[in-house]
Amino acid sequence: MPPQIADNATPQCTQKAQRKRLLIIYSLDHPLYKNIVLKLCSFLMAKCGTEVVLDMLDSTRLGMLGGIQWLEWHRQQIETSSDKILILCSRGVQAKWRAMCTGQRVQLREDTLSTVGDMLVPALCLMVPNFVKATSFEKYIVAYFDDVSTEDDVPLPFNITVRYKLMKQFEELFFRILDCEKHEIGRVNRIEGLSADEYHLCPTGKALRNAIEDFHAYQVEHPQWFEEELMDISETDIDSASVPDSVFQDKPGHIVRLSDCAPDTVPLSEQQVQLSVL
């Protein structure tokens, strides 16, 4: 028999969607990838009713506080709430992580063009030690866009958790944001408009899909795209004699040490949620 729709089925967790906040950590791999991140934020805010914290959208405050202080303040706020941190893995994330583990530094063209610079390395310095702690583990969500990235782009410390493929598993990821279970005994929770076959039916979802397709097409035409985005590190950027290995210098005089490093079209409404009884 085909699944039946339960009459009294509205997951209470969806009522929390408007109150959820999500800090997004990513690497500025390429202008087209940057566009994907921005379109994802628009989709999360407009379709999912989620408050998004992103460095590109808060550059004024970030410039006043400094990168480390900005990240630490948001991390502390999330640690004391039910909000989450989303780590979007990509070629740049893996490359920067491996460089950190060997005392090196990777800089991409978009890092030099950004008004806030590279925020991934200081984020990893602050968050990886907390990620591996049982008390903080559930705060972090790891994902990647499988049309433009692969599971190989996930740094080693994050392999201990679920890695969501976007946008195929976005609905599952959103349930994680809401602290809800998609699969329960005798039924499967569904949220209208978030599946891989539906998310692009709203304006922000369509823009997101177009952004993903644009970058995928670019990668096909330019298989060496990542190498082309890599920049030579100037000797004036970091004085290797004064800054020891596995250390990130957020700004002059502010040193952050890396520990535990290992190589290697409206917000959703309650009526849009259905429970299918198995």
Novice: Linking I/L/V/M/F/W/Y whenever any side-chain heavy atoms sit under 4.5 Å apart, do Leu57 and Leu40 land together?
Specialist: yes
Novice: Please report the shortest heavy-atom distance between Phe174 and Cys48, naming the atom on each side.
Specialist: CE1-CB, 3.5 Å
Novice: At their closest point, which heavy atom of Ser42 faces which heavy atom of Thr204, and how far apart are they?
Specialist: O-CG2, 4.0 Å
Novice: State whether the side chain of Gln169 and the backbone N or O of Lys165 hold a donor-acceptor pair below 3.5 Å, judged by distance alone.
Specialist: yes
Novice: Taking Glu171 for the side chain and Ile191 for the main chain, is one N or O donor matched with an acceptor at less than 3.5 Å?
Specialist: yes
Novice: Quick one: are Glu229 and Arg91 in side-chain contact, heavy atoms under 4.5 Å?
Specialist: no
Novice: With the side chain counted from C-beta on, respond yes when Trp70 and Met119 share a heavy-atom pair under 4.5 Å apart, and no when they do not.
Specialist: yes
Novice: Give a yes or no answer on whether the side chain of Asp153 reaches the backbone of Thr150 with a donor-acceptor pair at less than 3.5 Å.
Specialist: yes
Novice: Test Phe145 against Phe215 for side-chain contact (heavy atoms from CB on, under 4.5 Å), laying out the working first.
Specialist: CA-CA 11 Å; Phe145 292 96; Phe215 192 29; over 6 Å; no
Novice: Would you check if the side chain of Arg163 reaches a backbone N or O of Thr161 as a donor-acceptor pair within less than 3.5 Å?
Specialist: yes
Novice: Show every salt bridge (charged side-chain N to carboxylate O under 4.0 Å, His left out) that has at least one partner inside residues 56-65, sequence neighbours left out.
Specialist: Asp58-Arg61
Novice: Roughly how far, to the nearest 0.5 Å, is the CG atom of Leu54 from the CG atom of Leu23?
Specialist: 8.5 Å
Novice: Using every non-hydrogen atom in the two residues, find where Arg176 and Tyr140 come nearest and quote the distance to one decimal.
Specialist: NH2-O, 2.8 Å
Novice: How long is the span from the CE atom in Met100 to the CG atom in Leu120, to the nearest 0.5 Å?
Specialist: 7.5 Å
Novice: Walk me through whether Asp147 and Gln219 qualify under side-chain contact (heavy atoms from CB on, under 4.5 Å).
Specialist: CA-CA 10 Å; Asp147 285 330; Gln219 290 179 336; over 6 Å; no
Novice: Could you grab the distance from atom CD of Gln77 to atom CD of Glu72, nearest 0.5 Å is fine?
Specialist: 10.5 Å
Novice: Tell me, do Val148 and Ser90 make a side-chain contact under 4.5 Å, heavy atoms counted?
Specialist: no
Novice: Please answer whether the main-chain N or O of Glu228 pairs with a side-chain N or O of Arg109 as donor and acceptor at a distance below 3.5 Å.
Specialist: yes
Novice: Could you see if Leu108 belongs to whatever hydrophobic cluster contains Leu113? Use Ile, Leu, Val, Met, Phe, Trp, Tyr and a side-chain cutoff under 4.5 Å.
Specialist: no
Novice: Could you tell me the separation between the CZ atom of Arg105 and the CE atom of Met231, rounded to the nearest 0.5 Å?
Specialist: 11.0 Å
Novice: In terms of relative ring orientation, are Trp225 and His30 parallel, tilted or perpendicular, with 30° and 60° separating the classes?
Specialist: perpendicular
Novice: Please check if Leu230 and Leu32 belong to a single hydrophobic cluster, counting links between Ile, Leu, Val, Met, Phe, Trp and Tyr side chain heavy atoms closer than 4.5 Å.
Specialist: yes
Novice: Does the His216 side chain pair with the main chain of Ile212, one donor and one acceptor, at a distance under 3.5 Å?
Specialist: no
Novice: Going from CG on Asp118 to CD on Gln107, what distance comes out if it is rounded to the nearest 0.5 angstrom?
Specialist: 8.0 Å
Novice: Does any N or O in the side chain of Gln94 come within less than 3.5 Å of the main-chain N or O of Asp152, such that one atom is a donor and the other an acceptor?
Specialist: yes
Novice: Going by heavy atoms in the side chains, are Ile78 and Val53 under 4.5 Å from each other?
Specialist: no
Novice: Do Met127 and Arg75 pass the side-chain contact (heavy atoms from CB on, under 4.5 Å) test, and can you show the C-alpha distance, the side-chain angles, and the key distance before you say yes or no?
Specialist: CA-CA 8 Å; Met127 295 174 184; Arg75 187 187 66 80; 4.1 Å; yes
Novice: Under a 4.5 Å side-chain heavy-atom rule over Ile, Leu, Val, Met, Phe, Trp and Tyr, are Leu65 and Ile85 clustered together?
Specialist: yes
Novice: For Asp146, does its backbone N or O pair with a side-chain atom of Ser149 as donor and acceptor, under 3.5 Å?
Specialist: no
Novice: Tell me the closest heavy-atom pair linking Ile68 and Leu126, and the distance in Å.
Specialist: O-CD1, 3.9 Å
Novice: Hydrophobic clusters here meaning ILVMFWY residues chained together by side-chain heavy-atom distances under 4.5 Å, can you tell me if Ile160 and Trp97 are in one?
Specialist: yes
Novice: Using side-chain heavy atoms (C-beta onward) and a distance below 4.5 Å, is Ile25 in contact with Leu71?
Specialist: yes
Novice: State the SG-CD distance between Cys41 and Glu51, to the nearest 0.5 angstrom.
Specialist: 12.0 Å
Novice: Can a donor-acceptor pair be found between the side chains of Lys20 and Ser82 at a distance below 3.5 Å?
Specialist: yes
Novice: Are the side chains of Ile87 and Ile141 in touch, meaning some heavy atoms are under 4.5 Å apart?
Specialist: no
Novice: What's the shortest heavy-atom distance between His200 and Lys206, and which atoms?
Specialist: O-CB, 3.4 Å
Novice: Within the distance-only criterion (no hydrogens, no angle test), does the side chain of Ser114 pair as donor or acceptor with the backbone N or O of Asp111 below 3.5 angstrom?
Specialist: no
Novice: As a quick check of understanding, evaluate side-chain contact (heavy atoms from CB on, under 4.5 Å) for Ile36 and Leu208, giving each step before the final call.
Specialist: CA-CA 6 Å; Ile36 292 175; Leu208 174 57; 4.2 Å; yes
Novice: Given side chains that start at C-beta, do those of Tyr33 and Val37 come closer than 4.5 Å, heavy atoms only?
Specialist: yes
Novice: Are side-chain heavy atoms of Lys84 and Asp179 found at a separation under 4.5 Å?
Specialist: yes
Novice: Quick one: closest heavy-atom pair of Glu110 and Leu28, and the distance?
Specialist: CB-O, 3.3 Å
Novice: Give a yes-or-no answer on whether the side chains of Ser27 and Asp29 include a donor-acceptor pair shorter than 3.5 Å.
Specialist: yes
